[in-house]
Amino acid sequence: MKALLVVDVQNDFCPGGALGIHGGHKIVPILNKYIEFFERENLPILVTRDWHPKVTKHFEQFGGVWPMHCVEGSPGAKFHPDLKFPKDALVMSKGMDPEKDSYSAFHAIDLSGMALANLLKTFGVTEIYIGGLATDYCVKFSALDALKGGLDVFILTDAIAGVNLEPEGSCLALEEMVSRGAKKTISEELILCLKHASTARPK
Ligand SMILES: [Zn+2]
């Protein structure tokens, strides 16, 4: 069973936001294409959001690395207005613990409090396709945790963008994910391969 994980495509991570990522908004139409495809195939779609309290060690004014961003309920924490996902997509929040950075989607919980790993288990997910923001933080840590959890991990390389705090941050992150066992894919390849799988499946 495959699932799509869309990581932190929020206003604050797009240009003009508190922690705007260069080109962050450009992945939105590509992610929409993936979302449409997973929806058509009736495969689970999980959408995470950074959802911080105003005071957290994650922010530079309280000892962290980052300017204040994605404060729960703020306009910056909203999903990018062009990101389109179905009503039954699972919205997962992370970063609520003021003591932790919580980059990984595996720290996220859904509205009922269920953790991502448990949800994936419930759905019987064995392969996870990851896109979103940012390549070098939340996407990377999510991918590494997914690999640790024994999942097959595919990085949607046409639907990610990085912060690049260090100039090569995104490249190094991608290399690290691949060296730990993640595979890279792009929309055309994935859609072709999923189409093939669904036509091959007995009806
Ligand atoms: Zn954050």
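Order of listing sets the numbers, starting from 1, for every ligand and every atom in it. Residue numbers count from 1 along this sequence.
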Review point. How about C138: does one of its N, O or S atoms come closer than 2.8 Å to the Zn ion (ligand 1)?
Key: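 No - counting backbone and side chain alike, C138 has no N, O or S atom under 2.8 Å.
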Review point. For the Zn ion (ligand 1), does an N/O/S atom of H52 lie at less than 2.8 Å?
Key: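 Under 2.8 Å: H52 contacts the Zn ion (ligand 1) through an N, O or S atom.
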Review point. Is atom NZ of K121 surrounded by more than 12 heavy atoms (other residues, nucleotides or ligands) closer than 6.0 Å?
Key: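 Atom NZ in K121 is not packed in, count stays at 12 or less.
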Practice item. Answer yes or no: does atom CD of E168 have more than 12 heavy-atom neighbours from other residues, nucleotides or ligands under 6.0 Å? Key: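 Count not over threshold, so no.
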Point to revise | Polar contact flag, side-chain donor to acceptor under 3.5 angstrom, Y34-E36 | key: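 E36 and Y34 do not have a side-chain donor-acceptor pair below 3.5 Å.
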Review point. Looking at the Zn ion (ligand 1), which N/O/S atom of D50 is the nearest one?
Key: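 Closest to the Zn ion (ligand 1) among those atoms: OD2.
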Check your understanding: Using the ring of each side chain (for Trp, its six-membered ring), is Y103 parallel, tilted or perpendicular to W66, with breaks at 30° and 60°?
Key ->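 Taking W66 first and then Y103, their aromatic rings stand perpendicular (interplane angle over 60°).
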Check your understanding: How wide is the angle at the Zn ion (ligand 1) between NE2 of H69 and NE2 of H58, to the nearest 10°?
Key ->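 It is 100°, given to the nearest 10°.
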